[in-house]
Amino acid sequence: MTKIKTMEIKLERTIPAPAAEVFDAWLDPNTPVNPFSGTKKLVFDLKENALFYFVHHHAGEDIQHYGMFTAVERPKRVQYTWMSPYTHGLESIVTVTFREKAGETLMSLSHANLPDDDFGRAHDGGWAGYLKKAAELFAARK
Amino acid sequence: MDNLSPVLDAISHPSRRAILTRLSRGPARVTEIAEPFDMSLNAVSKHLKVLEAAGLIYRDRQGRDHVMELRPAPLRSVSQWLHPYERYWSQQLDRLEDHFTAKKKRKGK
């Protein structure tokens with residue numbers, strides 16, 4: 001079997017609230033500020049080795065997501081596996097850490113083991129394709 | 001820090017994209033790069049400076065010759081930005097940040 005090339009996305013954000021509050025808001029489906037809220041058919045059991053499932057409706061499409069919580073360390077870190085049509089059968093891994101400093105929280109989100117497809121190829125001239133795509137998007141933003 | 005804007009700015013011009021396409025075939029002297037373009041050497045130099053500032057090309061000074069080489073690494077940030085999950089998580093974090101910023105403002109009143 002050909003091994004699929006994978007990639008990792010990393011994002012950081014400072015949230016103006018203590019870590020415990022941010023952690024809870026990120027992982028409470030009843031707070032409308034996280035991926036689990038406002039979804040359909042939600043199954044959500046926030047503990048290690050327990051599962052989640054939800055259907056996210058976006059651009060006229062139903063997108064199924066499911067995974068397993070692999071670490072729940074309130075309020076410092078949470079990690080879960082994440083599968084959706086975008087992961088092409090790969091079990092991707094989302095890790096979120098919450099570091100509190102002076103009443104604010106630095107949130108670091110990593111989404112690893114994502115298939116490196118469409119836009120991610122920087123070889124065989126493939127980058128030229130996304131150069132064009134980026135330029136089109138940029139032009140559209142102007 | 002926003003590393004993406006200079007890269008997007010650099011690739012927003014068709015001549016600069018053509019230069020990158022040329023350099024994807026291998027390093028080239030400034031005069032060789034300028035050859036197929038209907039513009040002055042000075043104009044080409046300006047485009048090269050924009051690409052250089054964005055980290056997309058490297059200038060190797062070989063005596064009087066300046067040889068330009070492609071550095072595709074910054075394009076990685078563009079590809080990540082275009083990835084559906086990059087946008088998805090950015091939006092999720094925006095919502096979370098807005099939620100707490102609004103909460104803080106309400107408390108402050």
Side-chain angles (χ1 to χ4, degrees), chain A residues 7-18 21-22 25-26 31-38 56 58 63 82 84-87 92 94 96 103-105 107 109-111 114-139 141-142, chain B residues 1-26 50-51 54 56-57 70-108:
Chain A
M7 63 181 285
E8 182 176 3
I9 285 169
K10 285 184 175 180
L11 292 166
E12 278 195 345
R13 194 67 64 95
T14 301
I15 309 290
E21 278 185 44
V22 180
W26 184 250
T31 307
V33 290
N34 61 62
F36 307 104
S37 63
H56 175 64
H58 178 70
I63 306 165
W82 180 279
S84 82
Y86 290 114
T87 68
S92 65
V94 178
V96 189
E104 294 197 322
T105 301
M107 226 176 136
L109 186 148
S110 134
H111 195 166
L114 279 167
D116 192 356
D117 57 357
D118 298 333
F119 314 121
R121 296 191 185 111
H123 54 83
D124 297 334
W127 59 269
Y130 62 74
L131 270 181
K132 189 171 168 281
K133 193 149 190 144
E136 283 165 3
L137 261 161
F138 188 68
R141 284 166 68 217
K142 274 188 173 173
Chain B
M1 198 176 74
D2 178 17
N3 296 320
L4 196 56
S5 298
V7 182
L8 287 172
D9 270 329
I11 63 177
S12 66
H13 196 287
S15 299
R16 291 198 284 269
R17 291 202 294 279
I19 292 171
L20 290 175
T21 304
R22 165 65 190 86
L23 292 176
S24 72
R25 296 198 294 270
V50 174
L51 291 168
L56 286 164
I57 58 172
L70 180 68
R71 288 282 189 268
L75 295 173
R76 189 85 201 148
S77 57
V78 177
S79 84
Q80 290 202 342
W81 177 70
L82 287 170
H83 195 283
Y85 270 120
E86 174 85 18
R87 279 176 282 137
Y88 174 78
W89 292 120
S90 288
Q91 284 162 8
Q92 296 290 347
L93 292 174
D94 283 348
R95 283 165 78 197
L96 189 70
E97 189 180 358
D98 291 348
H99 169 75
F100 281 107
T101 303
K103 208 171 164 181
K104 203 174 173 179
K105 270 188 190 162
R106 282 197 302 273
K107 264 189 195 171

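Residues forming a ring-ring contact (aromatic ring centres under 6.0 Å, His included) with F100(B) (at least two apart in sequence, or on another chain): none. For D98(B), there are no salt bridge (charged side-chain N to carboxylate O under 4.0 Å, His left out) partners two or more places apart in sequence or in a different chain.
Annotation: the span from I63(A) atom CD1 to Y88(B) atom OH amounts to 8.5 Å, rounded to 0.5 Å.
The part of T31(A) that comes within reach of chain B is its side chain, from C-beta onward, which places non-hydrogen atoms under 4.5 angstrom from that chain. Heavy atoms closer than 4.5 Å to chain B are found in the side chain of V94(A), but not in its backbone.
Residue S37(A) comes nearest to R95(B) through the heavy atom pair OG-NH2, 3.6 Å, listed as atom of the first residue, atom of the second, then distance. R13(A) approaches S90(B) most closely through the heavy-atom pair NH2-O, 3.6 Å. Closest heavy-atom contact between M107(A) and L93(B): CE-CD2, 3.6 Å.
Comparing K103(B), H99(B), Q92(B) by heavy-atom pairs within less than 4.5 Å of chain A, the highest count is held by Q92(B).
The aromatic rings of W26(A) and W89(B) lie tilted to each other, with the angle between the two planes from 30° to 60°.
Between the side chains of Y85(B) and S92(A), no donor-acceptor pair of N or O atoms lies under 3.5 Å.
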